[in-house]
Participant: 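If you scroll down you'll find the structure; I have some questions about it.
In what follows, chains carry the letters A, B, and so on, assigned in the order in which the sequence lines appear, proteins first and then strands, with residues in each chain numbered from 1.
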Amino acid sequence: MRGVGDTTDIVQKEMYTFLDKGDRSVTLRPEGTASVARAVLESGMANEKLPQKLFYFSNCFRYEKPQAGRLREFHQFGIECYGSERPEADVETMLIAAEVIEELGIPDITLEINSIGCKDCRAKYREALKEYFAKSKETLCETCKTRLESNPMRILDCKSEVCSRIAKDAPMILDFLCGDCNTHFEKTKKLLTLSGASYIVNPKIVRGLDYYNRTVFEFISNKIGSQGAVCAGGRYDGLCAQIGGVDIPAVGFAMGLERILLALDAAGINLPGETPIEIFIASLPGAEETAFVITNGLRKKGFSAECEIAGRSLKAQLKYADKRKAKYNIVIGENEINENKAILKDMQSGEKREVLLDIDDILLRYNEMECK
RNA sequence: GUGGGUAUAGUUCAGUUGGUUAGAGCGCCAGUUUGUGGCACUGGAGGUCGGCGGUUCGAAUCCGCUUACCCACCCCA
């Protein structure tokens, strides 16, 4: 609550909080950053070397009404950089996100950035906003009336027709940045441009977590429904001190994995499916034990090998091997056991080669066929 | 929290104004020379039609309640 901010929706409405069997109040984490900050401080990482660069994959929980791209249990991939207050860290972070998105091949993603300044800038800005919105206080929507006192910046984000119309001509945070924050933002934009990253400045971005300051950004898709933010983040210099640790600047992002999957799906990009097995050892009645032992031997050599464990006919076994996309097969029956020989067959080319019923010989022939 | 929608086989979906034994494609299993798969053909398994209650001679179909899911608002990854 301290980290994310107790006036945010995440804390006020969306936390899964309950008592455990020892009557302790437990909350499922709604996001990753505050947990990482706590871990960094608790483990003393901040005293080791700086900057520290970290990543996480984690499931998160928010009590919201589910819809496309919004689940009550979802997964985030995130990175965090601790120990630099300079724009290089901000841009490095954004570039990594851009790289991930590009590497995955997701098209039509826009990077939107903004600066929400520091405490001083925001104090002035809040006053200006209050003054501005107070003039139309009566026409604001109910939630925004309360936001006027608690967190006027979020009125800018309100989608209600009335509020957004009023917000249209509201003062912009960018006009209230102090010298340092302005320099930081200008340098950030410059580094992005120098790195060849395309972005737009969206002065309306207000992140929903209170720990952010200065740079905030979102990677947005318009192909995955109304929950378009596929990745979002920013700088959070005050968070460590806020939760009771040393004062250490940081910047990071979180990526919504389910939303990434939606975007991949919308673009028709398939993720790699089932891993094909390398060798399938089929067996005829009486040869099951030999097949089993050879399969195990191949596995110990690091191969992905399978044999029949369901007692099916040869035909069914090979059908199964085909469905598993096995690269090679070996059929073992009475003849093979008597002669201590079998046929290693490439299931795609149909090429065959004689092998001894011996792990090393199978590996040798396998490699010969693979290298051809 | 607010609004709208959907629920039938493993899956994607048909199912007429209420009327016999609820169907199809794909998937799964088996067979088509009992030692080589993919293709084709044939056959098979698999459903208390989301749940409970009501109307009716009769309900997958109509009504009420309920649960789950989907979409949008809100909010956010």
Participant: Nearest heavy atom decides the nucleotide; on that basis, is Cys231(A) or Tyr63(A) closer to the 5' end of RNA chain B?
Facilitator: Tyr63(A)

Participant: Taking atom C1' in both U12(B) and G27(B), compute the distance separating them and give it to the nearest angstrom.
Facilitator: 11 Å

Participant: Say you pick atom C1' in U61(B) and the same atom in G46(B); how far apart are they, in whole Å?
Facilitator: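 About 24 Å, rounded to a whole number of Å.
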
Participant: Expressed as a whole number of Å, how far does the C1' atom of A77(B) sit from that of U67(B)?
Facilitator: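 Rounded to whole Å, the distance is 29 Å.
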
Participant: Kindly assign one of parallel, tilted or perpendicular to the pair Phe55(A) and Phe77(A), based on the angle between their ring planes and the thresholds 30° and 60°.
Facilitator: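 Tilted: the ring planes of Phe55(A) and Phe77(A) meet at 30° to 60°.
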
Participant: Strictly below 4.0 Å, N to O, side chains only: are Lys327(A) and Glu370(A) in salt-bridge contact?
Facilitator: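 Looking at Glu370(A) together with Lys327(A), the answer is yes, because their closest N to O distance falls below 4.0 Å.
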
Participant: Could you check whether Ala232(A) gets within reach of a base, just the sugar-phosphate, or nothing at all, counting any heavy atom under 4.0 Å?
Facilitator: sugar-phosphate

Participant: With rounding to the closest Å, how many angstrom separate the C1' atoms on G64(B) and U11(B)?
Facilitator: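 Nearest-Å result for G64(B) against U11(B) at atom C1': 32 Å.
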
Participant: Rounded to whole Å, how long is the line connecting atom CG of Leu314(A) with atom P of G31(B)?
Facilitator: 11 Å

Participant: With the threshold set at 4.0 Å, does a side-chain nitrogen-carboxylate oxygen contact exist between Glu351(A) and Lys345(A)?
Facilitator: no

Participant: When the distance from CD of Glu336(A) to C1' of U36(B) is rounded to whole Å, what number comes out?
Facilitator: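 In whole Å, U36(B) C1' lies 11 Å from Glu336(A) CD.
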
Participant: Please state how far atom CD in Glu308(A) lies from atom P in U36(B), giving the value in whole angstrom units.
Facilitator: 17 Å

Participant: In terms of side-chain geometry, is the basic nitrogen of Arg122(A) or Glu127(A) positioned less than 4.0 Å from the acidic oxygen of its partner?
Facilitator: no

Participant: Run through RNA chain B and report every stem of 3 or more consecutive Watson-Crick or G-U pairs, distances under 3.5 Å, ordered by first number.
Facilitator: B:1-7 with B:67-73, B:10-13 with B:23-26, B:28-32 with B:40-44, B:50-54 with B:62-66

Participant: Can a salt bridge be assigned to the pair Glu92(A) and Lys53(A) using a cut-off of 4.0 Å between side-chain N and carboxylate O?
Facilitator: yes

Participant: Taking any heavy-atom pair under 4.0 Å as a contact, classify Glu218(A): base, sugar-phosphate, or nothing.
Facilitator: nothing

Participant: Nearest 0.5 angstrom please: Ile309(A) CD1 to Phe292(A) CZ, how far?
Facilitator: 8.0 Å

Participant: Can you tell me how far the NZ atom of Lys352(A) sits from the CE atom of Met369(A), to the nearest 0.5 Å?
Facilitator: 10.5 Å

Participant: Give me the ring orientation class for Phe176(A) and Tyr125(A): parallel if the planes are under 30° apart, tilted from 30 to 60°, perpendicular past 60°.
Facilitator: tilted

Participant: Run the salt-bridge test on Arg365(A) and Asp361(A) with the 4.0 Å N-O cut-off and return the result as yes or no.
Facilitator: yes

Participant: State plainly whether the residues Glu336(A) and Lys341(A) are in salt-bridge range, i.e. N to O under 4.0 Å.
Facilitator: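 Salt bridge between Glu336(A) and Lys341(A), a charged N being under 4.0 Å from a carboxylate O: no.
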
Participant: So, are Asp360(A) and Lys301(A) salt-bridged, with charged N and O less than 4.0 Å apart?
Facilitator: yes

Participant: Rounded to the Å, how far apart are Ile155(A) CD1 and C74(B) P?
Facilitator: 15 Å

Participant: Quick one: Lys352(A) NZ to U36(B) C1', roughly how many Å, whole number?
Facilitator: 7 Å

Participant: If I pick the P atom on G10(B) and the same atom on U6(B), what distance separates them, to the nearest angstrom?
Facilitator: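 One P to the other, the span is 23 Å.
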
Participant: Could you state the atom-to-atom distance from CD of Glu288(A) to C1' of G35(B) in whole Å?
Facilitator: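 For the pair Glu288(A) CD and G35(B) C1', the rounded distance is 14 Å.
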
Participant: On the nucleotide C29(B), are OP1 or OP2 found under 4.0 Å from the side-chain N or O atoms that Arg312(A) carries?
Facilitator: yes

Participant: Between N or O atoms, less than 3.5 Å apart, protein on one side and nucleotides 66-71 of chain B on the other: list the pairs.
Facilitator:
| unit_1 | atom_1 | unit_2 | atom_2 | d |
| --- | --- | --- | --- | --- |
| C71(B) | OP2 | Ala68(A) | N | 2.8 |

Participant: Report the distance from atom NZ of Lys13(A) to atom P of C75(B), rounded to the nearest whole Å.
Facilitator: 7 Å

Participant: Using the P atom on both, measure G50(B) against A22(B) and round to a whole Å.
Facilitator: 15 Å

Participant: Salt bridge between Glu88(A) and Arg86(A), side-chain N to carboxylate O under 4.0 Å?
Facilitator: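 A salt bridge links Glu88(A) with Arg86(A).
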
Participant: Report which part of the nucleic acid Leu284(A) touches: base, sugar-phosphate, or nothing (heavy-atom distance under 4.0 Å, all strands).
Facilitator: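 Answer is base: heavy atoms of Leu284(A) come under 4.0 Å of a base.
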
Participant: Quick test: give all pairs of protein nitrogen or oxygen and nucleotides 37-39 of chain B nitrogen or oxygen below 3.5 Å, distance rounded to 0.1 Å.
Facilitator:
| unit_1 | atom_1 | unit_2 | atom_2 | d |
| --- | --- | --- | --- | --- |
| G37(B) | O6 | Lys345(A) | NZ | 3.2 |
| G37(B) | O6 | Met347(A) | O | 3.3 |
| G37(B) | N1 | Met347(A) | O | 2.4 |
| G37(B) | N2 | Asp322(A) | OD1 | 2.8 |
| G37(B) | N2 | Met347(A) | O | 3.2 |
| G37(B) | N3 | Asp322(A) | OD1 | 3.2 |
| G38(B) | O4' | Asp322(A) | OD2 | 3.1 |

Participant: Could you tell me the separation between the CD1 atom of Ile10(A) and the P atom of C74(B), rounded to a whole number of Å?
Facilitator: 16 Å

Participant: How do Val331(A) and Ser313(A) order along RNA chain B: which one's closest nucleotide is nearer the 5' end?
Facilitator: Ser313(A)

Participant: What distance, rounded to whole Å, do you find between the two P atoms, one in C65(B) and one in U2(B)?
Facilitator: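 Straight-line distance between the two P atoms is 16 Å.
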
Participant: Is a donor-acceptor pair below 3.5 Å formed from side chain Arg62(A) to base C75(B), judging by atom type as modelled?
Facilitator: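 Answer is no: no donor-acceptor pair is held.
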
Participant: Would you measure the distance from the P atom in U17(B) across to the matching atom in A24(B) and give it in whole Å?
Facilitator: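 These two P atoms come out 22 Å apart once rounded.
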
Participant: Using the ring of Phe61(A) (Phe, Tyr or Trp, six-membered ring only), decide whether Arg29(A) places NZ or CZ under 6.0 Å from its centre and within 45 degrees of its axis.
Facilitator: no

